[in-house]
Number of protein chains: 2
Amino acid sequence: MQKEDCLLDRCFLCKHSLPAWKSLIELKKTTFSFKKGKKIFQEGEPVKGIFFIYEGSVKVTMNWGEQKELILRFAKAGDVLGHRGFGGDPFYPISATALEDCKVCFIDNSFLEASLIANPALSNQLMQVFAQELQKAEKRMRDLVHMEVKGRIVLALFEIIDAFGTDENGYISLQISRQDIASYAGTTYETVFKFFTELTGKGILSTSGKSIKINDPKALQSFIKY
Amino acid sequence: MQKEDCLLDRCFLCKHSLPAWKSLIELKKTTFSFKKGKKIFQEGEPVKGIFFIYEGSVKVTMNWGEQKELILRFAKAGDVLGHRGFGGDPFYPISATALEDCKVCFIDNSFLEASLIANPALSNQLMQVFAQELQKAEKRMRDLVHMEVKGRIVLALFEIIDAFGTDENGYISLQISRQDIASYAGTTYETVFKFFTELTGKGILSTSGKSIKINDPKALQSFIKY
DNA sequence: CGTTGAGTTGAGAGTAATCAATGTGCGTGG
DNA sequence: CCACGCACATTGATTACTCTCAACTCAACG
């Protein structure tokens, strides 16, 4: 982790702050780098502040017992991390792990709170973030409960493409493991695996090395049954 | 639905507003009554404002297809409803249904927004509400995915008691249908039923008419496996 | 007295998790 | 350069859970 300059336009806090605050924010915030696979923060740790991603991608997870994890969401440049520390417990209820090499801005709690009080527009922006994430979370809750596994895996794929996009050949820009897809869809590694071989067999999906490409989105859709 | 006076101390908006605003809020807000079973608002309807419950209890649900519903949460006096209308779509992503006869305060969007801008403390309070609900939602998401059905039903019972309490005899204060418990636990009516007969057989649970009583919380806990 | 609908129970089917076995690639050390 | 071991990928077989469907009971009501 090392301190660096921050790309203003990619940082939530800078983007939504009053111009007058920007120089102050520059002083206050610290930028850290995380290597792929490193934990940015962990379930149970005391909350010290809030993070803004301005480079790389991150998975936000929650554990069940020792072995099982659920990926709650993926986050990418421009997204906020660690705001779940707000309210109640001063301990993170979740973990955040870098999926690629990442750069994140860190703002400590006291400065953030001061900013929120002084700058209602920022406060409103953050509230919007919360509201949207709450909506997404509840929708996902329903999906995880009522959809069958194949549908959930399909949804995971769409979600991942939505978050990270595809390269010029149509492959998902992020190298994501089948284990992570399983953790997002709330299923097991093997099940994802078998489904993928079924899909590649039918030509709906292609895999090249570690990367995945969707050939037939409509056919995928059809696995989502109401 | 009829207009009535509002019990100030049970209303989120009044409780967290500046004293100077209270009289204005009194002017602006409207109180409605809803009979048990009536929908307060429904998935897909345009968002017109926000509700505060000051009497009765409510289930907040989301539908999957035509038949399957998931109860996202229970709300009772003092809780906020309809704030998920914030951000993005101006349509409710969820429905709210009265579980008992209810009285709710309604504040229309424009006045709420004005209040939030003028009163940062209120804004912060609402943000806290969002943050806490987001935490709860994500925890529940994990539970629904990784716990087995019996554990989820147990959790539902605890959750319901937590929200609504028990009467002097230890029975859950709210008459809740097995269907609703199933919808909360993400399972079917029959499964809840069979589990309940198993539990009453072992003396862990008692049912009297429509009401439910937990005799042995520890034995119930043991169905939650990590 | 028949009908309706909700409460209750049982049998069967299907899905996905678990377990186990085999295959594959890679790095390391001899 | 080869042999070995380890971790991870892949696949098949088995198990177990829970959903679905259907039947039955019982009470209320016309």
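The basis for the numbers below is simple: all heavy atoms, side chains too, and nothing from hydrogens, waters or symmetry mates. Every chain is numbered from 1 and lettered A, B, ... according to where its sequence line falls, protein lines coming before strand lines.
Remark: P of D:dC17 and CE of B:Met147 are 15 Å apart, rounded to the nearest angstrom. For B:Ile176 and C:dG7, the CD1 to P distance is 14 Å, given to the nearest whole Å. Rounded to whole Å, the distance from NE2 on A:His146 to P on D:dT20 is 10 Å. Here C:dT15 presents its C1' atom at 12 Å from CD1 of A:Ile153, a figure rounded to the nearest Å. Atom pair A:Arg152:CZ and C:dA16:C1' shows a separation of 9 Å (rounding to whole Å applied). Rounded to whole Å, atom P of D:dA9 lies 11 Å from atom CG of A:Asp180. Between the CD atom of B:Gln67 and the P atom of D:dC21 there is a distance of 11 Å, rounded to whole Å. In this structure, A:Phe195 places its CZ atom 17 Å from P of D:dG12, rounding to the nearest Å.
In this structure, B:Lys68 reaches the D:dT20 phosphate: one of its side-chain N or O atoms is under 4.0 Å from OP1 or OP2. One finds no side-chain N or O of B:Lys194 lying less than 4.0 angstrom from the OP1 or OP2 phosphate oxygen of C:dA11. Between A:Thr187 and C:dA17 there is a side-chain N or O to OP1 or OP2 distance below 4.0 Å.
Salt-bridge formation is not detected for the pair A:Asp101/A:Lys36: no Lys NZ or Arg NE/NH1/NH2 atom is positioned less than 4.0 Å from an Asp or Glu carboxylate oxygen. Contact check on A:Lys59 versus A:Glu69 returns a salt bridge, with a Lys/Arg side-chain nitrogen under 4.0 Å from an Asp/Glu carboxylate oxygen. A salt bridge links B:Lys150 and B:Glu198; the closest N-O separation between the charged side-chain nitrogens and carboxylate oxygens is under 4.0 Å.
Judged by distance alone, the side chain of A:Ser57 and the main-chain N or O of A:Leu99 form no donor-acceptor pair under 3.5 Å. The backbone N or O of B:Gly186 lies less than 3.5 Å from a partner atom in the side chain of B:Arg152, making a donor-acceptor pair.
Counting only heavy atoms from C-beta on, A:Glu148 has its side chain closest to C:dA16 among D:dT20, C:dA16, C:dT9. If you check D:dT20, C:dA16, D:dA9 against the side chain of A:Thr191, the one that comes closest is C:dA16. Here the side chain of A:Phe193 is nearest to one of D:dT10, C:dG7, D:dT20, namely D:dT10.
B:Lys150 comes within 4.0 angstrom of nothing in the nucleic acid, heavy atoms only. Residue-level contact check: B:Tyr189 touches the bases, meaning some heavy atom is under 4.0 Å from a base atom. Here A:Glu190 lies in heavy-atom contact (under 4.0 Å) with a base.
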